[in-house]
Amino acid sequence: MIHFYRELPEGYALVREVDAIQNKKIAIGMNIAALVLMLAALAAGFWLRFGVMDGTIEGTLDLPHTWPFLLSYLGSMLLYMVLHELLHGVVYKALTGEKLTFGLSWSCAYCGVPHIYVTRRTALLALLAPFTVFTVLLLPLIFVWNGAPAILSLLLFATHFGGCAGDLYVTYLLLFRLKGELLMQDTGPKQSFYLKKSEE
């Protein structure tokens, strides 16, 4: 099965670009979407954990533990960001063997394979890997732990959910908007989509 091409095959034309650095409208829109997804996941998780399950958040936080808690959250969030991008990279590397690029911009952290054109299937596997893996790993912790660890897990899960906004948007484009034979070039902050022109 072909996972990528080193050169753009004949008959393909650029039909769309998603640039999270140069296109300010997209970058701001992605970050607003990330905030909305984060708040929705936080509200839903909080309601399920503390509203439906036991109706209490006893022992979650008190003033002497606030700074250690915040530092734990910030450290966990930074570690998550690194692992999220590394997981994109692991899938891309496994399927293509090509050189990866990683970075951090004003609008996003990213991983890409800028010198090749990946198939729709390869793109979807790389895009959805962090969303799938970290949802499965983080969601149960909210319900298993109590007190501050449960709150920390909930915040980290909400951060994860919001952090997948860009991945989910590109997934939406690949699954529902861009029909036909498609290739994607992923530099990390920018995805370019090429569709095969119909023979008419």
With no hydrogens and no angle check, do the side chains of Tyr110 and Asp186 hold a donor and an acceptor under 3.5 Å apart?
no
List the atom of Cys111, the atom of Glu85, and the distance in Å for their closest heavy-atom pair.
N-OE1, 3.1 Å
Tightest non-hydrogen contact, residues Asn31 and Ser107, listed as ND2-O, 3.3 Å
Decide if atom NZ of Lys179 counts as having more than 12 heavy atoms of other residues, nucleotides or ligands within a radius under 6.0 Å.
yes
Who are the ring pair (Phe, Tyr, Trp, His ring centres under 6.0 Å) partners of Tyr5, not counting sequence neighbours?
none
Taken in chain and number order and not counting sequence neighbours, the residues that satisfy ring pair (Phe, Tyr, Trp, His ring centres under 6.0 Å) with Tyr194 are Tyr117
Under a 3.5 Å distance rule, please check whether Thr122 uses its side chain to pair with a backbone N or O of Val118 as donor and acceptor.
no
Donor-acceptor pair, side chain of Arg120 and main chain of Met184, under 3.5 angstrom
no
Hydrophobic clustering (ILVMFWY, side-chain heavy atoms < 4.5 Å, transitive) - are Ile26 and Trp106 grouped together?
no
Check the hydrophobic clustering (I, L, V, M, F, W, Y; side-chain heavy atoms under 4.5 Å; chains of links allowed) and say if Phe161 and Leu35 are grouped together.
no
Tyr80 and His84 aromatic ring geometry - parallel, tilted or perpendicular at 30°/60° bounds
perpendicular
Evaluate the side-chain contact (heavy atoms from CB on, under 4.5 Å) criterion for residues Leu128 and Thr171: first the C-alpha distance (whole Å), next the side-chain angles of each, then the deciding distance (0.1 Å), finally the verdict.
CA-CA 8 Å; Leu128 291 174; Thr171 296; 3.6 Å; yes
Tyr73-Phe69 aromatic ring centre distance below 6.0 Å
no
Dump the intermediate steps for side-chain contact (heavy atoms from CB on, under 4.5 Å) on Leu178 and Val15, then the final yes or no.
CA-CA 9 Å; Leu178 301 171; Val15 293; 4.2 Å; yes
Residues Glu98, Lys93: salt bridge by 4.0 Å N-O rule:
no
Please enumerate all residues that pass salt bridge (charged side-chain N to carboxylate O under 4.0 Å, His left out) together with Arg177, with sequence neighbours excluded.
none
Under the side-chain contact (heavy atoms from CB on, under 4.5 Å) criterion, do Glu10 and Tyr12 qualify, and how do the steps go?
CA-CA 6 Å; Glu10 285 188 26; Tyr12 283 82; over 6 Å; no
